[in-house]
Amino acid sequence: MLYSKLLIPTLKEDPSEAEVVSHRLMLRAGMIRKLAAGIYTYLPLGLRVIKKVSDIVRQEMDRAGAQEILMPAVQPAELWVESGRWGFYGKELLRLKDRHDREFCIGPTHEEVVTDLVRREVKSYRQLPINLYQIQTKFRDEIRPRFGLMRGREFIMKDAYSFHKDEAQAEAEYWNMYETYKRIFTRFGLNFRAVEADTGNIGGKFSHEFHVLAETGEDFIASCTACEYAANIEKAAALPPAVAAKAEAMPLERVTTPGMKTVEEVSGFMGVTSADLVKTLIYSVMLDKWTAVAVLVRGDHELNEIKLQRVTGATEVVLADKATVERVTAAPSGFAGPVGLSGVKVYADHAVSAMANFITGGNEADLHLRNVNTGRDFEAPEFADIRKVMAGDPCPKCGSGKVEIHKGIEVGHVFMLGTKYSEALGCTFLDEDGSEKPMIMGCYGIGVGRTAAAAIEQNNDEFGMKWPAPIAPFGALVLPLNVKDAATMETANAIYNGLRDAGIETLMDDRDERAGFKFKDADLIGIPVRVVIGEKNLKDGNVEIKLRMSGEVQKVSKDDAVSKVLEVAVK
RNA sequence: CGGGGCGUGGCGCAGCCUGGUAGCGCACCUGCUUUGGGAGCAGGGAGUCGGAGGUUCGAAUCCUCUCGCCCCGACCA
């Protein structure tokens, strides 16, 4: 295609609204434009990337045996009432009424619709299994949309839903999708990890997330240096410490610590490390009603709220407010400790069980206690794994490797739904023995727009984007420096046509602009292969080929240019 | 939703405190020069100063309300 005919409104300056690099570069490269908060138009270059991503997803889903459908964006409230989510989903669900005052929502996900479809059309085990997917625009009224396509309100997503007659089949399909996702992300040309994830509110046996590794990622991923283990930090288990002989208990001491509330202040004051302290956190957890609990964690460790939630069986956990802390500990916040605490259940991380003669708050203003010992000074709490893993911890799976922490962007998620929706919506089938059973469901999502954004987060430099070839908007860019020079254009056209004939999607920068101007745009847009045709090189019959990703430049004969590009480019 | 900030030609901003001619850079149009890393000169077009109300002889500027957007915290592909 000709650059001069395409709408590619690049910006020299950074738009003030963009914070993260992918958002900034997509705006600057003229790939997207914002219509409203979290709602974007895809311009030609942006759409091309979206299509590349979707095409790969589509090919691999089809290959894996899934079938593509397209469901409505607007969904009737009745289905959501039936599944129980109309009242549950909250403000994130964009609701609207039609002219007859009937309630609808704009679909943030399609479990209800697909389950409704399948319950109507599939009645026999003979019709199972089935896996239906779509690539579609969804809407979630995010609390705070940000980062462009990374967290929009309207976004393009591939969502798939599988239906099975039994657990074994469903599980097999889960792993089929897992492998399919690995193929998909590999084909994208992105550095990614499949990680074990918390199943969250949805429940179920397994859940894996697929993360594109990038420094700007919002999620933390724990992985092992030795084995295959990788998990979202929300989920990653921390092994209990090896039981070592404990030091002899020393006499309890009261230490005045005026105004010292943080672990750093107290450990610094006492001349010890933060690992010699035990933090006492007061949490409010939602059981039948909001209840205060105390949580003990080694001073250098961090509490994992998801684990706490699981251990306490609460539906919600939140750090207690000042008033609650003062009521529970009878002291200003910052001086909580397990000694003398009463009326609240106490949980402690496994690491605390291995400690002796540690330091805690004294439940009194400006007081800490030294040489505290579990069992002697306070009743043994319930020990559990409630801390976040840290880099350097032993791997919870193999035990021999060490945990390392990476940042990732969640671009895909697979999980077993079980019978939650099939039971709620009566999606049943008749089994071989004539009995009626709910189908076992799985669901599998990939954020298409987010994948494009994540690709940029992972591959960029100060000049612009560096697209991995499989999802680049074009395979190659032909850049004649002087479009008024007949010889230049003759060569440029020959190469352009040659590449097109060879099946490479090629962009020709035919604009009558200065060289520097065109180079800047080329770097910004980040097309993987650039062929520059300039008068100087052309005198020797040469053109220049430059790879955006590596920066590698080579001079080749103009007659070899097409075949050379074919060597380095991926169609 | 809580906290912070911003709305001024297409983009990035100044002007506001201390009311009085709407300004700068980029982009755009015309001409000449220039032509391997976002050119130079000259000329030109383009702004309900987010919106509504108020104070005032006079409001981008002060006051009230309102809408939109961005950033920081609790949710998620």
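Throughout, a chain's letter reflects where its sequence line sits, starting with A, and its residues are numbered from 1.
Residue A:Asp14 is classed as a sugar-phosphate contact, given heavy-atom separations below 4.0 Å to backbone atoms only. A:Arg530 comes within 4.0 angstrom of a base, heavy atoms only. Here A:Lys158 lies out of heavy-atom contact (under 4.0 Å) with every strand. Among the atoms of the strands shown, base atoms are found under 4.0 Å from some heavy atom of A:Arg28. Residue-level contact check: A:Gly534 touches the bases, meaning some heavy atom is under 4.0 Å from a base atom. Residue contacts shown for A:Glu13 include a base, since a base heavy atom lies under 4.0 Å away. Using a 4.0 Å heavy-atom cutoff across all strands shown, A:Gly464 reaches no nucleic acid atom at all. Residue A:Glu209 is classed as having no contact, given no heavy-atom separation below 4.0 Å to the nucleic acid. In this structure, A:Gly449 reaches neither bases nor backbone, as no heavy-atom distance under 4.0 Å exists between it and the strands shown. Residue A:Glu513 is classed as having no contact, given no heavy-atom separation below 4.0 Å to the nucleic acid.
Of the side-chain N and O atoms in A:Ser16, none sit less than 4.0 angstrom from OP1 or OP2 of B:C11. Here A:Arg514 does not reach the OP1 or OP2 of B:G40: none of its side-chain N or O atoms lies under 4.0 Å away.
Partner assigned to B:C65 is B:G51, using Watson-Crick or G-U wobble distances below 3.5 angstrom.
Nearest-nucleotide positions on RNA chain B for A:Lys12 and A:Ala36 put A:Lys12 closer to the 5' end. The residue among A:Arg151 and A:Val532 whose nearest nucleotide of RNA chain B lies closer to the 5′ end is A:Val532.
Among B:G36, B:C70, B:C72, the nucleotide with an atom closest to any side-chain atom of A:Glu17 is B:C70. Checking B:C69, B:G73, B:A77 against the side-chain heavy atoms of A:Lys34 singles out B:C69 as nearest. Of the candidates B:A77, B:G38, B:G37, B:G38 carries the atom nearest the A:Thr10 side chain, counting heavy atoms from C-beta on. Set against B:C1, B:C69, B:C26, the side chain of A:Ile143 has B:C1 as its closest nucleotide. Closest approach to the A:Arg144 side chain among B:G36, B:C70, B:C72 is made by B:C72 (side chain taken as heavy atoms from C-beta onward). With distances taken from any side-chain atom of A:Glu544 to the nucleotides B:G38, B:C71, B:G36, the minimum falls on B:G36.
Applying the 6.0 Å contact sphere to CE of A:Met1 captures no more than 12 heavy atoms from other residues, nucleotides or ligands.
Ion pair A:Glu513/A:Lys518 not flagged as a salt bridge, since none of the NZ, NE, NH1 or NH2 atoms sits closer than 4.0 Å to an Asp/Glu carboxylate oxygen. For A:Glu218 and A:Arg151, the salt-bridge test passes: some basic side-chain N is under 4.0 Å from an acidic carboxylate O. Contact check on A:Asp521 versus A:Arg511 returns a salt bridge, with a Lys/Arg side-chain nitrogen under 4.0 Å from an Asp/Glu carboxylate oxygen.
Side-chain contact annotation: A:Glu173 with A:Ser162, donor-acceptor N/O pair under 3.5 Å absent.
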Residue pair A:Asp159, A:Gln134: steps toward the side-chain hydrogen bond (donor to acceptor under 3.5 Å, both in side chains) verdict:
CA-CA 6 Å; A:Asp159 48 324; A:Gln134 64 173 348; 3.2 Å; yes
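The distance from atom CZ of A:Arg146 to atom C1' of B:C1 is 14 Å, rounded to the nearest whole Å. Regarding A:Asn542, its CG atom lies at a distance of 18 Å from the P atom of B:G36, rounded to whole Å. Look at CZ on A:Phe517: it is 15 Å from C1' on B:U34, rounded to the nearest Å. Rounding to whole angstrom units, CZ of residue A:Phe415 and P of B:A77 are separated by 6 Å.
Ring-to-base geometry does not place A:Phe519 in a stacked arrangement with B:G36 (centre distance under 5.5 Å, plane angle under 30° required).
With hydrogens and angles left out, the side chain of A:Asn537 and the base of B:G36 share a donor-acceptor pair within 3.5 Å.
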